[in-house]
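Notes follow the structure.
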Amino acid sequence: MSLLQIVPSSPTPHHLLLPTQPHQPNKFQKAPRPFPADADEPASPSSSWVETLRSHSRNNCFHSALRTYVDMTAAGALPDHFAFPAALKSAAGLDDLALGRQLHAASIKFGHISSPAAVPNSLVTMYAKCGDICNALKVFDRISEPDQVSWNSIISALCMFEEWEMALDGFRIMQEHGFDESSFTLVSVSQACTSVGKRDGRRLAKELHGHGLRVGLYSDGKTYAYNSLITLYAKLGSIEDSVALFDRFGNRDIVTWNTMISSLMQNERYMEAMDVLHRMVVGGIKPDGVTLSSILPVCTQTDLLDFGKEIHAFSVRNDGLCENSFVASALVDMYCNFGDIVKARLVFDGVSGPRLGLWNAMISGYSQNAFDEEALELFIVMEEAAGLCPNATTLASVLPSCVRSKAFSSKESIHGYVVKKGLGSDKYVQNALMDMYARVGKMEVSWKIFSCMGARDVVTWNTMISGCIVADQLTEAFQLLSEMQRTGKRTAECKAAEDECSTYEGLDYERPNNITLMTLLPSCASLTALVKGKEIHGYAIRNRLDYDIAVGSALVDMYAKCGCLTLSRRVFETMPKRNVITWNVLIMAYGMNGHGEEALKLFHDMVARREVRPNEVTFIAVFAACSHSGLVNEGLELFNRMKVDYGVERSPDHYACVVDMLGRSGQLVKAYQLIKTMEPDSNQTGAWSSLLGACCIHRDVKLGEISANQLFELEPNEASHYILLSNIFAASGLWDRANEVRKRMKEMGVRKEPGCSWIEVGDKVHQFTVGDSLHPQSPQLHAHLDALWEKMRKEGYVPDTSCVLHNVDEDEKEILLCGHSEKLAIAFGLLNTPAGSTIRVAKNLRVCNDCHEATKFISKIVKREIILRDVRRFHHFKDGSCSCGDYW
DNA sequence: ACGCTTCCTC
């Protein structure tokens with residue numbers, strides 16, 4: 001609806017419409033013609049026009065209402081003080097500020113601005129809804145005799161702008177002026193109460209409750225105030241008060257039922273919410289769209305897909321509720337959470353003219369299921385075809401897809417776009433941007449956003465921590481964790497002492513939650529940072545986060561990767577619930593530690609208990625375990641039966657494991673033949689890598705060359721293939737050919753990942769690279785290794801110089817061997833930890849033969865247990881031998 | 001003139 005259609009003949013300049021000069025037409029302007037313009041005889045208000053207008057407005061048919069207004073003025077009927085509120089409501093409903101100002105002007109011209117207060121009251125509401133709080137306040141200030149509705153209007157306006165303190169002040173002044181609150185006041189003030197901190201909120205809630213009782217706001221038939229009060233208590237966390245109110249109320253309408261359901265949902269009382277729904281249906285009240293969209297999240301929260309489908313069917317059968325944007329959003333969300341994108345899309349497509357929220361739900365569903373191209377495509381359709389303007393939620397949903405998408409190259413331009421849309425200061429968007437910058441390697445920008453953010457929430461912290469981990473800033477990641485624990489604790493104490501401390505609000509510190517722990521635990525695992533891992537475990541127990549399946553599984557994994565199988569098993573056994581991931585982690589743990597039999601036993605246990613069904617990863621874990629323990633027959637048998645007995649398809653990864661298993665045991669030809677049986681267009685990289693590795697162990701030059709040539713085609717930039725082949729040649733004394741491979745690698749511009757080892761001492765993780773001389777203790781480490789070298793020689797140690805790939809003198813080779821990162825880390829451990837304590841070292845590559853041999857001797861000489869985890873598995877060195885039995 | 005509902009980042 002354009003301006004001209006509303007006030008077709010008004011030549012009045014815009015500034016005159018503003019309420020700053022309400023009654024003084026500018027003398028220098030031509031006086032506005034009477035409206036409507038060409039009326040020779042005074043036009044009279046027509047009650048039937050106004051009735052139609054008001055009726056449209058009441059039914060929220062804003063376009064029709066305004067059309068009526070236009071037709072009415074065109075027909076020469078004068079708008080009266082009943083017409084303006086209806087027209088203003090319609091303008092507000094269409095969020096059309098310009099239109100509202102025109103109506104404001106017209107109301108001045110026709111002299112409806114002063115009394116009764118109905119017109120200015122509507123103006124206050126119109127300005128507020130159109131986002132112009134200044135003019136709302138100005139109009140209110142000029143009302144000579146504000147009535148109760150005036151007060152309600154301005155309080156509600158202030159609430160829309162989240163000016164809670166001012167809203168509550170307004171409420172107090174209103175009472176001082178002798179006005180009682182009405183249900184309208186209560187609705188607004190209830191909102192304000194939820195936003196001033198729980199302690200003040202609860203006090204005010206009780207006050208309102210009492211006042212309302214005295215003025216009879218909760219008497220029969222008046223549900224508005226009552227429903228608001230139920231919501232208020234629920235939002236303040238006093239769900240018991242809500243339930244008590246609900247139970248006592250005899251006059252429930254459908255909103256009361258819906259209110260109770262959503263209140264319970266907000267307080268995570270899912271089963272009670274279901275119970276209320278049940279009582280509602282039994283009581284003969286038919287659920288509406290609000291009911292369905294409120295209850296649907298129960299399905300995701302409590303894993304009830306079938307119930308969700310039932311609701312879906314109900315919504316199709318009843319009044320086309322499935323085409324309601326809210327219901328559809330909740331359905332889309334539910335299906336996406338169960339990974340059923342296709343069903344979600346069907347629901348989405350069933351709605352004509354979806355609202356922004358529904359687009360957001362579908363886009364976020366795609367994004368969360370990593371359907372990134374689809375998410376971006378839908379985002380573009382929404383903007384270009386549907387002409388909708390994205391909001392903060394849209395951007396927060398689509399941003400992760402932008403970051404992951406290959407098609408989207410200029411990631412940084414997104415930030416500009418976001419700012420242009422005016423959404424740069426939204427917390428959710430900022431969190432997503434921080435994540436984006438961390439992922440594209442611009443950590444400094446993430447830090448900048450983080451430090452400038454006004455209100456950080458727990459996700460802000462978690463995003464920053466995970467960003468640090470992605471960017472390999474592990475020290476900073478753990479620093480953030482301790483900062484969270486330190487400051488978050490203070491916040492929690494404040495929350496607990498809310499009855500004493502009313503100033504709690506706006507503190508931007510958060511306590512670590514399950515996501516925080518899950519983000520950090522894998523880092524503890526990969527660094528074998530057992531002390532830090534145990535600290536996190538302790539925190540989890542104290543905060544009841546160890547009940548979380550994902551946290552529990554991460555703990556099982558962390559202990560396993562730190563070489564503490566017993567603790568790993570204990571966490572597993574004490575978990576109240578386990579899923580397939582938990583089982584897989586433990587099976588993997590036994591496998592990595594060389595306990596193949598136990599891993600197989602666990603697998604059979606898992607199947608027998610029927611707690612969970614094995615999946616693809618389960619078989620990878622089982623095959624890896626068989627491989628490390630030489631259980632070739634057992635592994636092959638499962639490989640043959642996995643499809644028939646367990647319904648799991650063989651994947652290229654499974655082939656790679658089984659090739660590894662066969663190859664490691666020396667059955668190289670059989671392994672080679674197995675690769676030949678793979679689908680020609682499947683990814684054979686893993687399988688060939690396994691074979692090449694096996695050829696390296698068993699020094700098979702011919703098959704090694706075949707495998708390497710395959711791999712040079714598939715992954716020409718992967719350094720390890722060149723190194724392994726060169727290694728095979730070197731081990732057989734074919735130095736020329738070994739050097740040839742090295743040369744080729746250099747020509748290809750491929751660089752070897754430097755060997756790197758970690759050891760945790762005290763509260764720090766120390767990192768060593770090959771030949772490290774940068775570490776402050778470097779001279780002492782080398783001296784210590786030299787001293788050990790002598791003792792080892794006496795015990796019978798012979799350096800295995802075949803591990804050195806360069807064709808240099810034997811003496812030089814020995815020196816090079818000494819610089820291997822794992823030896824440095826072990827030496828560091830020996831020098832810096834108490835005698836007799838266990839040393840845990842992790843390495844990013846496979847341990848070399850010589851280090852393996854040397855560590856056996858070291859463990860005997862220094863009488864220490866040394867646990868070394870390489871990229872594949874564990875080696876527990878004790879008293880001169882290794883747990884792997886030299887089979888690795 | 002009002003109350004209940006969906007979508008958001010780790």
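Lettering follows sequence order; numbering is per chain, from 1.
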**OP:** Answer with base, sugar-phosphate or nothing: what part of the nucleic acid does A/Ser153 contact at a heavy-atom distance below 4.0 Å?
**Re:** nothing
**OP:** For A/Thr125, report the nucleic acid contact type (base, sugar-phosphate, nothing); a contact means any heavy atom under 4.0 Å.
**Re:** nothing
**OP:** Scan A/Gln368 against the nucleic acid and name what it touches under 4.0 Å (heavy atoms): base, sugar-phosphate only, or nothing.
**Re:** sugar-phosphate
Original post:
Along DNA chain B, 5' to 3', what are the outermost nucleotides having an atom less than 4.0 Å from a heavy atom of chain A?
Top reply: B/dA1 to B/dC10
Subject >> Plane angle bin for A/Tyr226 and A/Phe249 - parallel if under 30°, tilted between 30 and 60°, otherwise perpendicular >> reply: parallel
Original post:
Heavy atoms under 4.0 Å, any strand shown: does A/Asn121 hit a base, just sugar-phosphate, or nothing?
Top reply: nothing
**OP:** Looking at every strand, decide which applies to A/Glu181 at a 4.0 Å heavy-atom threshold: base, sugar-phosphate, or nothing.
**Re:** nothing
Subject >> Closest contact, heavy atoms only, A/Ala234 versus A/Ile239 >> reply: CB-CD1, 4.2 Å
Original post:
Out of A/Leu137, A/Ile133, A/Leu97, which one pairs with A/Tyr127 under the side chain to side chain contact (heavy atoms under 4.5 Å, CB included) rule?
Top reply: A/Leu97
Original post:
Using a cut-off of 4.0 Å on non-hydrogen atoms, how would the nucleic acid contact of A/Thr393 be classed: base, sugar-phosphate, or nothing?
Top reply: base
**OP:** Fit a plane to each ring of A/Phe84 and A/His112, take the angle between them on a 0 to 90° scale, and name the class: parallel (under 30°), tilted (30 to 60°) or perpendicular (over 60°).
**Re:** tilted
**OP:** Could you verify whether a donor N or O on one side chain and an acceptor N or O on the other, from A/Tyr366 and A/Arg345, lie under 3.5 Å apart?
**Re:** yes
**OP:** Looking at every strand, decide which applies to A/Ser262 at a 4.0 Å heavy-atom threshold: base, sugar-phosphate, or nothing.
**Re:** sugar-phosphate
Original post:
How is A/Asp253 classified with respect to the nucleic acid when contacts are heavy atoms under 4.0 Å: base, sugar-phosphate, or nothing?
Top reply: base
**OP:** Establish, from distance only, whether the side-chain atoms of A/Asn324 and A/Asp319 form a donor-acceptor pair under 3.5 Å.
**Re:** no
